[in-house]
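For reference, the structure is listed below as structure tokens.
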Amino acid sequence: QVQLVESGGGLVQAGGSLRLSCAASGRTFSRSSMGWFRQAPGKERELVAGTSWSGFSSYYADSVKGRFTISKDNAENTVYLEMNSLKPEDTAVYYCAASPGGYSSPLLYVDWGQGTQVTVSS
């Protein structure tokens, strides 16, 4: 099991940037795939980015490709989501999650953080 704590959310103007961090504890982090999900009011939770246990392979939702970058630092037990060119439609609660297997299917994620709010103003 992996325990996860997100940070770095906040209010930003459209076109701006934010970096989310997710600090992990637990012996299995280095062997876990990691992902970032988001959930906007009235919408389902969606996987926006995922990365393999090594950090060498990644998945991005079409809506964030070219703007968001996920990275995993096994030495620091941390996963990041760099978000650039933010849009109002990126407004959501962002969750960090861990998977003992693959990284591109939402169904594989079993451990979750508490979430951090990202609000993008127009």
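Excluded from the calculations below are hydrogen atoms, water molecules and symmetry mates; all remaining heavy atoms, backbone and side chain alike, are included. From a predicted model like this one, the values you see are computed outputs, not experimental measurements.
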Exercise for the section: Report yes or no: does E6 contribute a side-chain atom to a donor-acceptor pair with the main-chain N or O of C96 at less than 3.5 Å? Expected result: yes
Handout entry: Donor-acceptor contact below 3.5 Å, side chain S99 vs main chain G102
Key = yes
Fill in the blank from the handout: Applying salt bridge (Lys or Arg N to Asp or Glu O under 4.0 Å) to D111 and not counting sequence neighbours gives none
Exercise for the section: Check Y60 against I70 and note the closest heavy-atom contact, atom names and distance. Expected result: OH-N, 2.9 Å
Handout entry: Listed partners of R45 passing salt bridge (Lys or Arg N to Asp or Glu O under 4.0 Å), at least two apart
Key = none
Problem - Apart from F56 itself, residues in the same hydrophobic cluster as defined by side-chain heavy atoms under 4.5 Å - result: none
Handout entry: Minimum-distance pair of heavy atoms, taken over all atoms of G115 and V93
Key = CA-CG1, 3.9 Å
Problem - Distance in Å, F68 CZ paired with L86 CG, rounded so as to fall on 0.5 Å steps - result: 5.0 Å
Exercise for the section: Work out which heavy atom in S85 is nearest to a heavy atom in D90; give both atom names and the distance. Expected result: O-OD2, 4.4 Å
Exercise for the section: Report the C-alpha distance between R38 and E46 in whole Å, list the side-chain angles of each, state the deciding distance to 0.1 Å, and finish with yes or no for side-chain contact (heavy atoms from CB on, under 4.5 Å). Expected result: CA-CA 5 Å; R38 69 184 180 188; E46 64 169 335; 2.7 Å; yes
Practice task
For E89, enumerate each residue passing the salt bridge (Lys or Arg N to Asp or Glu O under 4.0 Å) test, keeping only those at least two apart in sequence or located in another chain.
Solution key: none
Practice task
Evaluate side-chain contact (heavy atoms from CB on, under 4.5 Å) for L47 paired with Y59, printing each intermediate quantity in order.
Solution key: CA-CA 9 Å; L47 175 63; Y59 159 86; 3.7 Å; yes
Problem - Heavy-atom pair with the smallest gap, counting every atom of G113 and Y95 - result: O-CD2, 3.7 Å
Problem - Residue pairs passing the disulfide bond (SG atoms under 2.5 Å apart) test where at least one lies in residues 35-66, sequence neighbours excluded - result: none
Exercise for the section: Hydrophobic side-chain clustering at under 4.5 Å (ILVMFWY, transitive links): who's grouped with L108? Put none if nobody. Expected result: none
Practice task
Apply side chain to side chain donor-acceptor pair (under 3.5 Å) to Q117 and list each qualifying residue two or more places apart in sequence or on a separate chain.
Solution key: T119
Exercise for the section: Would you please test F29 and M34 for side-chain contact (heavy atoms from CB on, under 4.5 Å) and show each step? Expected result: CA-CA 9 Å; F29 175 79; M34 298 297 298; 3.8 Å; yes
Practice task
Group every Ile, Leu, Val, Met, Phe, Trp and Tyr by side-chain heavy-atom contacts under 4.5 Å, then state whether V79 and M83 land in the same group.
Solution key: yes
Problem - Listed partners of Y109 passing ring-ring contact (aromatic ring centres under 6.0 Å, His included), at least two apart - result: F37
Exercise for the section: Would you confirm whether T51, through its side chain, and S57, through its main-chain N or O, come within 3.5 Å as a donor-acceptor pair? Expected result: yes
Practice task
Scan for salt bridge (Lys or Arg N to Asp or Glu O under 4.0 Å) pairs involving residues 54-66, sequence neighbours excluded, and state none if there are none.
Solution key: D62-K65
Problem - With Q3 via side chain to side chain donor-acceptor pair (under 3.5 Å) - residues at least two apart - result: S25
Problem - Donor-acceptor contact present, side-chain T116 to main-chain G9, <3.5 Å - result: yes
Problem - Sequence neighbours excluded - side-chain hydrogen bond (donor to acceptor under 3.5 Å, both in side chains) pairs with any residue from residues 70-80 - result: K72-N74
May I have the list of side-chain donor-acceptor pairs in residues 13-23 shorter than 3.5 Å, sequence neighbours left out?
| residue | atom | partner | partner atom | Å |
| --- | --- | --- | --- | --- |
| S17 | OG | N84 | OD1 | 2.8 |

Practice task
Kindly indicate, with the supporting measurements, whether the criterion side-chain contact (heavy atoms from CB on, under 4.5 Å) is fulfilled by W53 and S32.
Solution key: CA-CA 5 Å; W53 68 270; S32 298; 5.9 Å; no
